[in-house]
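Remarks on the structure that follows.
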Amino acid sequence: MTGSHPQSTIPACVITVSDRCWRGEAEDLSGPLAARLLADYGIDASLLLVPDELEAIQEAIVSASKEGARLVFTTGGTGLAPRDVTPEATEALLSTRIHGLEDAMRRAGEGHAPAAALSRGLVGVTSRAPGGVLVVNAPGSSGGVKDAVGVIGPLVAHILDQLAGGDHPR
């Protein structure tokens, strides 16, 4: 086990952004992996597949937020290809960016995957739901998902507590 289970389960949605998976031409491996890894931190994630389309990504994030997800974790669409628009879709929905976590996710992968530095994934909070929702963009690779969950998993409960007005630990 990589984390400790908090007293209550945190509702979440993992959104895989992939044209090929959405069309059924490839199997979604990163979304189910993210959900399994997040479960180690007491996070119960539903899975959703969307194409690499700005509006589809935004609709999925907003819908998950309205349906009660406290964490929306996207995988895919963070690179430099013309259809990689997950960061642009996400940025328009964020009220607060968490630049330190974005940097930490990239640094976590750089030792074993130099291309990790190319990820444009964002981390931040959207106020589209009461109390705010944490949104994390991870790369679509299994290594990128592992690195991202390794960075944010231990912090999710604390971040959500702070969004709800909790005190900083001493």
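Since we're looking at a predicted model, the values are computed, not measured.
Going from atom OH of Y41 over to atom CG of L71 covers 12.5 Å, rounded to the nearest 0.5 Å. Rounded to the nearest 0.5 angstrom, R20 CZ and E27 CD are separated by 11.5 Å. Taken from OG1 in T78 to CZ in R106, the straight-line distance is 9.0 Å, to the nearest 0.5 Å. Rounding to the nearest 0.5 Å places CG of L38 at 5.5 Å from CZ of F73. Atom CG of D103 and atom CD1 of I98 lie 12.0 Å apart (nearest 0.5 Å).
Contact check for L54 versus E88: side-chain heavy atoms found under the 4.5 Å cut-off. Residues T126 and S65 have side chains in contact (heavy-atom distance under 4.5 Å, counting atoms from C-beta outward). Side-chain atoms of S142 and L29, non-hydrogen and from C-beta on, never get closer than 4.5 Å to each other. Side chains of V135 and I61 form a contact here, defined as non-hydrogen atoms less than 4.5 Å apart. Taking 4.5 Å as the limit, every side-chain heavy atom of V125 sits out of range of all side-chain heavy atoms of V133.
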Given the rule in the side chain to side chain contact (heavy atoms under 4.5 Å, CB included) test, do L37 and V145 qualify, once you have shown the distances and angles that lead to the verdict?
-> CA-CA 9 Å; L37 295 173; V145 167; 4.3 Å; yes
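A donor-acceptor contact shorter than 3.5 Å is absent between the side chain of R120 and the backbone of T86. At least one donor-acceptor pair under 3.5 Å links the side chain of N137 to the backbone N or O of L122. At distances below 3.5 Å, not a single donor-acceptor pair connects side-chain atoms of E110 with backbone N or O atoms of A116.
Looking at every heavy atom in both residues, D52 comes nearest to R83 through O-NH2, 3.0 Å.
For D44, there are no salt bridge (charged side-chain N to carboxylate O under 4.0 Å, His left out) partners two or more places apart in sequence or in a different chain. Under the side chain to side chain contact (heavy atoms under 4.5 Å, CB included) criterion, T16 pairs with S18, D28, S30, L49, T75, sequence neighbours left out.
Residue pairs meeting the salt bridge (charged side-chain N to carboxylate O under 4.0 Å, His left out) criterion with at least one member in residues 63-75: none, sequence neighbours excluded.
Neither I10 nor V72 shares a network with the other; the hydrophobic side chains, linked directly or stepwise wherever heavy atoms of I, L, V, M, F, W or Y lie under 4.5 Å apart, form separate groups for each. At a threshold of 4.5 Å between side-chain heavy atoms, the hydrophobic network of Ile, Leu, Val, Met, Phe, Trp and Tyr places V14 and L160 in one connected group.
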